[in-house]
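Taking it in order: structure first as structure tokens, then the write-up.
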Amino acid sequence: MKYIYLLLLLSPCLLSAQKVLQLEKRGSAKTQKMVVGTELVYQMQGDDVWYRGTIEEIRPDAGFITLSDRLVSVEKIGAIKSFKNRGWSRKFSKQLYMFAGGWVFFGIADNLIFNQSEMRAKPPLIAIPAASAIALGYAIRKIFDHKVYKINGKFRLRLLDLTPIAPVPRA
């Protein structure tokens, strides 16, 4: 009996998740599905400004989605930014930042512990690899952190209603 109550309690959540905004690649079976509550970063056709909003309602019958601040027709969307599966760039840049910090720490410790008289020659040798690691980490994070899907090219957006239809009883 408790499973029936749980099913009745979760049924509004299950029914609302049946309407999806689907990003498809032409000629591929792989898709990305976005449901209510997904944050969407998009660009309108002929516009250079990127907008950000959370999907609040999907209306496949009317052809639009309701975001947190506006109503958007799916045909008017020109591009979508996706931050999915791009965590490797953040991890790799973080490793480069840690390398730079370690390089500076051990370079300064080397100069302090061994108290070398050639102190003026050491700081450029410490700073150059550290600065280049920081610059490379920043560049990797900015370049590879997101992917842009141009909708009119080989990608397209579709609104789908996957709500199951009740079977018609046979006479």
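Everything numeric here is computed off the predicted structure, so don't read it as measured data.
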Query raised in the report: Just by modelled atom types, is the V35 backbone N or O under 3.5 Å from a matching donor or acceptor in the T38 side chain?
Result: yes

Query - Contact check, side chains of K147 and K81, non-hydrogen atoms, under 4.5 Å - result: no

Query raised in the report: Going through the distances and angles, do R52 and Y42 end up as a side chain to side chain contact (heavy atoms under 4.5 Å, CB included)?
Result: CA-CA 6 Å; R52 181 183 300 257; Y42 63 98; over 6 Å; no

**Report entry** F105 with M98, same ILVMFWY side-chain cluster at under 4.5 Å
**Finding:** no

Report task. Check step by step if side chain to side chain contact (heavy atoms under 4.5 Å, CB included) holds for T54 and L40. Result -> CA-CA 6 Å; T54 303; L40 185 65; over 6 Å; no

**Report entry** Heavy-atom closest contact (L160 atom, Q22 atom, distance)
**Finding:** CD1-OE1, 3.0 Å

Query raised in the report: Rounded to the nearest 0.5 Å, how far apart are CG of D69 and CD of E56?
Result: 8.5 Å

Query raised in the report: How far does CD1 of I126 sit from CZ of F106, to the nearest 0.5 angstrom?
Result: 12.5 Å

Report summary line: So CZ of R158 and OG1 of T31: to nearest 0.5 Å the spacing works out to 9.0 Å

Requested in this report: State, to 0.1 Å, how close V148 and W50 come at their nearest heavy-atom pair, and which atoms those are.
Outcome: CG1-CH2, 3.8 Å

Report summary line: For R141 and S93 the tightest heavy-atom approach is NE-OG, 3.1 Å

Query raised in the report: With E75, which residues qualify under salt bridge (Lys or Arg N to Asp or Glu O under 4.0 Å), at least two apart?
Result: none

Query - Derivation and outcome, side chain to side chain contact (heavy atoms under 4.5 Å, CB included), residues K30 and K25 - result: CA-CA 7 Å; K30 293 182 181 180; K25 183 178 179 181; over 6 Å; no

Query raised in the report: Which atom pair, heavy atoms only, marks the closest approach of G53 to S68?
Result: CA-OG, 3.7 Å

Report summary line: In this structure, NZ of K91 is separated from CG of L96 (nearest 0.5 Å) by 14.5 Å

Query - Nearest heavy atoms of V49 and Q43, plus distance in Å - result: O-CG, 3.6 Å

**Report entry** Linked, directly or transitively: F64 and L159 (ILVMFWY side chains, under 4.5 Å)
**Finding:** no

Query raised in the report: What residues form a salt bridge (Lys or Arg N to Asp or Glu O under 4.0 Å) with D61, not counting sequence neighbours?
Result: R59

Query raised in the report: With a 4.5 Å heavy-atom cut-off, do T66 and I55 have their side chains touching?
Result: no

**Report entry** Distance in Å, S82 OG paired with L23 CG, rounded so as to fall on 0.5 Å steps
**Finding:** 8.0 Å

Requested in this report: May I ask you to test the V41-I80 pair for a side-chain heavy-atom distance under 4.5 Å?
Outcome: no

Query raised in the report: Same cluster or not: are I134 and V104 linked, directly or through other Ile, Leu, Val, Met, Phe, Trp or Tyr residues, by side-chain heavy atoms under 4.5 angstrom apart?
Result: no

Query raised in the report: Which residue pairs pass the ring pair (Phe, Tyr, Trp, His ring centres under 6.0 Å) test when at least one of the two sits in residues 131-151, sequence neighbours left out?
Result: F83-H146, W88-F144, Y149-F155

Query raised in the report: Do L71 and I65 pass the side chain to side chain contact (heavy atoms under 4.5 Å, CB included) test, and can you show the C-alpha distance, the side-chain angles, and the key distance before you say yes or no?
Result: CA-CA 6 Å; L71 186 70; I65 56 175; over 6 Å; no

Report summary line: All heavy atoms of A100 vs all of A130, minimum pair found to be CB-O, 3.5 Å

Query raised in the report: Can you tell me if W103 uses its side chain to pair, donor with acceptor, with the backbone of P129 under 3.5 Å?
Result: no

Query raised in the report: Counting only heavy atoms not in F99, do more than 12 fall under 6.0 Å of its CZ?
Result: yes

Report task. Any chance you could measure I140, atom CD1, to Q95, atom CD, to the nearest 0.5 Å? Result -> 11.5 Å

